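In this text, all values refer to a predicted model and were calculated from it rather than measured experimentally.
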Amino acid sequence: MIYAQFVDDISTQGGFQRLVSGVAFTQNSCGPSIPLSGRQKYSNTGKQVGELACHQDPADGDAYLTWSSEDVKIIAQAHAPLASYGQLLSWWKTAGPLHGTAT
């Protein structure tokens with residue numbers, strides 16, 4: 001797991017971009033489907049707070065979730081074996097101080 005906090009929105013967005021820069025996204029959401037290649041905005045209590053990306057890493061085959069929370073200026077990334085992607089996505093929906101929902 002990667003977790004980092006930044007001093008401003010521009011740095012937060014830049015950190016997110018660096019983590020997903022090598023991924024060619026083909027979908028505009030992260031859902032239970034495989035193959036993974038989605039990127040979307042998400043909200044918390046009706047307010048858009050960040051971005052979520054999901055992809056499968058070609059090097060290790062794992063499923064990756066990368067997200068930003070711009071209101072608290074953090075980025076995070078977690079991964080799990082591809083077979084556990086559904087559990088990883090369910091975990092993300094209830095993890096941390098913010099509970100995200102797709103917008």
Novice: To the nearest 0.5 Å, what is the distance between CZ (Phe25) and SG (Cys30)?
Specialist: 7.5 Å
Novice: Measure from the side-chain N and O atoms of Ser68 to the backbone N and O of Ile75, and report whether any donor-acceptor pair falls under 3.5 Å.
Specialist: no
Novice: If hydrophobic clusters are built by linking Ile, Leu, Val, Met, Phe, Trp and Tyr wherever their side-chain heavy atoms come under 4.5 Å apart, do Leu52 and Leu82 end up in the same one?
Specialist: yes
Novice: Can you get from Val20 to Leu65 by hopping between Ile, Leu, Val, Met, Phe, Trp and Tyr side chains that sit under 4.5 Å apart?
Specialist: no
Novice: When rounded to the nearest 0.5 angstrom, what distance separates CG in Asn28 from CD in Gln40?
Specialist: 8.0 Å
Novice: Tell me, yes or no, whether the heavy-atom count around Gln5 atom CD, taken from other residues, nucleotides or ligands under 6.0 Å, exceeds 12.
Specialist: yes
Novice: Quick check on the 6.0 Å ring-centre criterion: do Tyr85 and Trp91 meet it?
Specialist: no
Novice: Is there a donor-acceptor contact under 3.5 Å from the side chain of Ser90 to the main chain of Gly86?
Specialist: yes
Novice: Quiz question: by atom type and distance under 3.5 Å, do the side chains of Tyr42 and Ser69 form a donor-acceptor pair?
Specialist: yes
Novice: Quick check: closest heavy atoms across Tyr3 and Ala76, and the distance to 0.1 Å?
Specialist: CD1-CB, 4.1 Å
Novice: Looking at Asp8, is its backbone amide N or carbonyl O close enough to the side chain of Thr12 to form a donor-acceptor pair, meaning the two atoms are under 3.5 Å apart?
Specialist: yes
Novice: Identify, with sequence neighbours excluded, every residue that meets salt bridge (Lys or Arg N to Asp or Glu O under 4.0 Å) alongside Asp9.
Specialist: Lys73
Novice: Listing request: all ring pair (Phe, Tyr, Trp, His ring centres under 6.0 Å) pairs with a residue in residues 45-65, at least two apart in sequence or in separate chains.
Specialist: His55-Tyr64, Tyr64-His79
Novice: Applying the 4.5 Å side-chain criterion to the ILVMFWY set and letting contacts propagate, would Ile2 and Trp92 be lumped into a single cluster?
Specialist: no
Novice: For the backbone of Ala24 and the side chain of Ser37, can you confirm whether one donor and one acceptor N or O come within less than 3.5 Å of each other?
Specialist: yes
Novice: Within the structure provided, determine whether Met1 and Gln77 are in side-chain contact (heavy-atom separation under 4.5 Å).
Specialist: no
Novice: Decide whether Phe16 and Val23 are clustered together by the hydrophobic rule: side chain heavy atoms of Ile, Leu, Val, Met, Phe, Trp, Tyr closer than 4.5 Å, transitively.
Specialist: yes
